[in-house]
Amino acid sequence: MYGIFMESLVIFKLYTGMRPLIVLAGLAWLYLLFAEKDKKIKTLYVFAPVLILLLFLCPLSRKFFVAAGLDGATYYRVLWTIPLGVITAYGLCRMFEKHRRIGLAVSSALIIFCGNLVYKSAYISKAENLYHIPDTVVRICDLIAPEGVQGQVMAVVPEELVYFVRQYNAAIRMPYGREMVEGQWDYYNEVHAAMEETEIIDLEELMEATRKEYCQYIVINPTRQVKGDPEELGLQFLADIDGYRVYLDPVAAAQVESWQQYYEED
């Protein structure tokens, strides 16, 4: 039990980052504890967060969480229910309510200087278009699934494009998705194994797998080495988009087209 408690405590420390912002949230919470008169607000911003934190740290809570069939690796998400940002902003605003001008300046300065500029994060990049996804993905999707074209489009793309393709055009089906990209799920997928789990992509092996899934299109990462000649194996080169090689498999395309004609006639 003690070990589970310490592990939960470490998760909480990592979640807060142990930065000055958590100190500001604590100060705001203390102020609301003694100064807030509205019972509903006090329950939401003062008592509820403490109760959630105590339950989070309680070893039995984690045991029940896992016993309920939930992934123990996502236990940290319980902390998302504590509105730290709202508590901080509301508490500081109430604290300086009587001195509005200087209060706004002081509270804003504290939040700014105690935090980090989010735009410096490695996970933030300048948007290339209105969709906030790479232009490369937009061009690939528009090539294999032009606007107005009816029918099924099945494509296999490198892991780094899977999320973006799904965001841009949900009509493009893929043989694997997030369940294969995220490492915590130990699933097996024949197409993914041939596409991503080998040092050199064996095109013949990959096509054997993709044809079982009726993938009309195959997109190859520019950094990956390929074994086999695409044209000799029957692939049709469509375009090179920022290094990504896009191929059409006429065999799979003919199979899909025959299905569509069958259902249309039926």
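If you're wondering where the values come from, they're calculated on a predicted model, not measured in any experiment. Every heavy atom of this structure was used, including side-chain atoms; hydrogens, water molecules and symmetry mates were not.
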Visitor: To the nearest 0.5 Å, what is the distance between CZ (F56) and CD1 (I82)?
Guide: 8.5 Å

Visitor: With sequence neighbours excluded, what pairs up with E7 under the salt bridge (charged side-chain N to carboxylate O under 4.0 Å, His left out) test?
Guide: R62

Visitor: Restricting to side-chain contact (heavy atoms from CB on, under 4.5 Å), what partner residues turn up for N189, sequence neighbours left out?
Guide: Y176, M180, V191, H192

Visitor: Which atom pair, heavy atoms only, marks the closest approach of I201 to A194?
Guide: CG2-O, 4.0 Å

Visitor: With a 6.0 Å cut-off (strictly less than), is the heavy-atom count around CD of E208, excluding the residue itself, greater than 12?
Guide: no

Visitor: Quick one: hydrophobic cluster around L51, which other residues, with the 4.5 Å side-chain cut-off, linked directly or via members?
Guide: L55

Visitor: Is the backbone of E159 close enough, under 3.5 Å, to the side chain of E196 for a donor and an acceptor to pair up by distance?
Guide: yes

Visitor: Is it the case that over 12 heavy atoms from other parts of the model lie below 6.0 angstrom from the CD1 atom of I124?
Guide: yes

Visitor: Atom CE in M95, atom OG1 in T88: separation rounded to 0.5 Å?
Guide: 9.5 Å

Visitor: Kindly check if the number of other-residue, nucleotide or ligand heavy atoms within 6.0 Å of OH (Y31) is above 12?
Guide: yes

Visitor: More than 12 heavy atoms of other residues, nucleotides or ligands under 6.0 Å from OH of Y163: yes or no?
Guide: yes

Visitor: Report yes or no: does R245 contribute a side-chain atom to a donor-acceptor pair with the main-chain N or O of N221 at less than 3.5 Å?
Guide: yes

Visitor: To the nearest 0.5 Å, what is the distance between CE (M154) and CZ (R173)?
Guide: 5.0 Å

Visitor: Are there more than 12 heavy atoms of other residues, nucleotides or ligands under 6.0 Å from atom CD of E204?
Guide: no

Visitor: Restricting to non-hydrogen atoms, name the atom on V162 and the atom on G177 that form the minimum distance, rounded to 0.1 Å.
Guide: CG1-CA, 3.8 Å

Visitor: How close do T43 and P49 get, counting heavy atoms only, and between which atoms?
Guide: O-CD, 4.4 Å

Visitor: Under a single-linkage definition using a 4.5 Å side-chain heavy-atom cutoff for Ile, Leu, Val, Met, Phe, Trp and Tyr, are L9 and I4 assigned to the same hydrophobic cluster?
Guide: no

Visitor: Atom OG1 of T136 and atom CG of L161: how far apart are they, to the nearest 0.5 Å?
Guide: 8.0 Å

Visitor: Taking atom CZ of R166 as the centre, report whether more than 12 heavy atoms of other residues, nucleotides or ligands fall under 6.0 Å from it.
Guide: no

Visitor: Strictly distance-based, threshold 3.5 Å: is any side-chain N or O of K227 a donor or acceptor partner for the main-chain N or O of L203?
Guide: no

Visitor: Write down the atom of M207, the atom of L233, and the distance for their closest heavy-atom approach.
Guide: CE-O, 3.2 Å

Visitor: Crowded around F34 CZ? As in, over 12 foreign heavy atoms under 6.0 Å?
Guide: no

Visitor: Taking the six-membered ring for Trp and the single ring otherwise, decide whether the centroids of Y45 and Y90 are under 6.0 Å apart.
Guide: yes

Visitor: Could you state the interatomic distance from CD1 (I22) to OH (Y15), rounded to the nearest 0.5 Å?
Guide: 8.5 Å

